[in-house]
There are 2 protein chains.
Amino acid sequence: MRNTKQKTAIKEILERGGHLSAEEIYVLIKNKMKIDISTIYRNLNMMAENSEVEKITNPEGVAIYHIKSEHHGHLICRSCNAIFEIPCDLCEQLHTLSKDMSFVDTEHVVNIYGYCRNCKGEK
Amino acid sequence: MRNTKQKTAIKEILERGGHLSAEEIYVLIKNKMKIDISTIYRNLNMMAENSEVEKITNPEGVAIYHIKSEHHGHLICRSCNAIFEIPCDLCEQLHTLSKDMSFVDTEHVVNIYGYCRNCKGEK
DNA sequence: TTGCCTGCAAACGCTTTGCATGTTG
DNA sequence: CAACATGCAAAGCGTTTGCAGGCAA
């Protein structure tokens, strides 16, 4: 895997810690250098295969990327689409559940949907 | 919301208890009657708004529909894409977590990815 | 210099939408 | 009869892919 400035730019943005779509990353980078969104997808998918980043799907079906970190859950705001991380103390329980179903678990996702502190009033 | 045979057919299929994409529902119905896939999408989206069915997104980003039931989690097989339900005893904990973040939770999703009993050998 | 990476453009798959027609209540 | 649901076709959107040229090693 070769180093390019596009690749570096994508990593830098993700290392700020956000949860971003390819489109959002694209907008942030294209002001500063020439880049195509297909390059972003290609790099993100590679990084996901290398387990450098994690790919989740938001309620609208759009892929969201963020650097891989400790097991955690997501709070997803139905109003502004913000995603917050929450610590996940449930790993053991989920692993046990899987074993009960003779299922080999490689990963789990805990998503809580609702309204964040800023959007509470709206519904 | 008016009754039509297309609507009835969609409901009947979902009431068998599966987790299906619009395409899969379409294939099952079109052998028996004239139906267009847009009709299926329109009906599923209506039912989702009425909270009759639940809409989740599989790892490939495809919408999957199933009748709304007790809170539960999903075991999702990365090999054959089968989805199994698991009882969810975690509701209270998730609700507490949300409150700690001053987040108003309306719903949560617990997805465990891995390999089901049939596909275990493959990875 | 070699071969991986990029930009560009086109294709792809899932989902939605506009419109004329058919069906329900 | 009026309102709504349907089929059809086309558009929309996020994502992927083929290809020729460019750049890193």
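Chain identifiers are assigned alphabetically (A, B, ...) following the order of the sequence lines, protein sequences preceding nucleic acid strands; residue numbering begins at 1 within each chain. Scope of the values below: all heavy atoms of this structure, side chains included, with no hydrogens, waters or symmetry mates.
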- Message: How many whole angstroms separate atom CG of Leu44(A) from atom P of dC5(C)?
- Response: 14 Å
- To the nearest Å, give me how far apart CD1 (Ile37(A)) and P (dC13(D)) are. 13 Å
- Message: Output the rounded distance in Å from CE (Met33(B)) to C1' (dT23(C)).
- Response: 14 Å
- Task: Write down the atom of Ile40(B), the atom of Tyr26(B), and the distance for their closest heavy-atom approach.
- Result: CD1-CA, 3.3 Å
- Message: Tell me the interatomic distance from Tyr26(B), atom OH, to dT15(C), atom C1', rounded to whole angstroms.
- Response: 14 Å
- Task: State whether Lys34(B) places a side-chain N or O below 4.0 Å from either non-bridging phosphate oxygen (OP1 or OP2) of dT6(D).
- Result: no
- Give a yes/no answer on whether the side chain of Asn3(A) brings an N or O atom under 4.0 Å of OP1 or OP2 in dC4(C). no
- In terms of the nearest nucleotide of DNA chain C, which residue is placed more toward the 5' end: Tyr65(B) or Asn43(A)? Asn43(A)
- Task: Can you figure out which of dT6(D), dT16(D), dT16(C) approaches the side chain of Ser38(A) most closely?
- Result: dT16(D)
- Any side-chain N or O of Gln6(A) less than 4.0 Å from the OP1 or OP2 oxygen of dC23(D)? no
- Query: How is Ile35(B) classified with respect to the nucleic acid when contacts are heavy atoms under 4.0 Å: base, sugar-phosphate, or nothing?
  - Reply: sugar-phosphate
- Query: Separation of Met46(A) atom CE from dT17(D) atom P, in whole Å?
  - Reply: 12 Å
- Residues that Lys99(B) engages under side chain to side chain contact (heavy atoms under 4.5 Å, CB included), provided they are two or more places apart: His95(B)
- Message: Can you measure Ile25(B) atom CD1 to dT15(C) atom P for me and round it to whole angstrom units?
- Response: 11 Å
- Glu23(B) CD to dG13(C) C1', straight-line distance once rounded to whole Å: 10 Å
- Contact under 4.0 Å: Thr4(B) side-chain N or O vs dT6(D) OP1/OP2: yes
- Message: If you assign each of Arg42(B) and Arg2(B) to its closest nucleotide in DNA chain D, which residue comes earlier from the 5' end?
- Response: Arg2(B)
- Task: Without swapping roles, check the side chain of Lys7(B) against the backbone of Arg2(B) for a donor-acceptor pair under 3.5 Å.
- Result: yes
- Ile25(B) and Tyr41(B), any side-chain heavy atoms less than 4.5 Å apart: no
- Message: Using modelled atom types and a 3.5 Å cut-off, is there a donor and acceptor pairing between side-chain atoms of Asn58(B) and backbone atoms of Glu60(B)?
- Response: yes
- Spacing of Lys5(B) atom NZ relative to dC4(D) atom P, expressed in whole Å: 20 Å
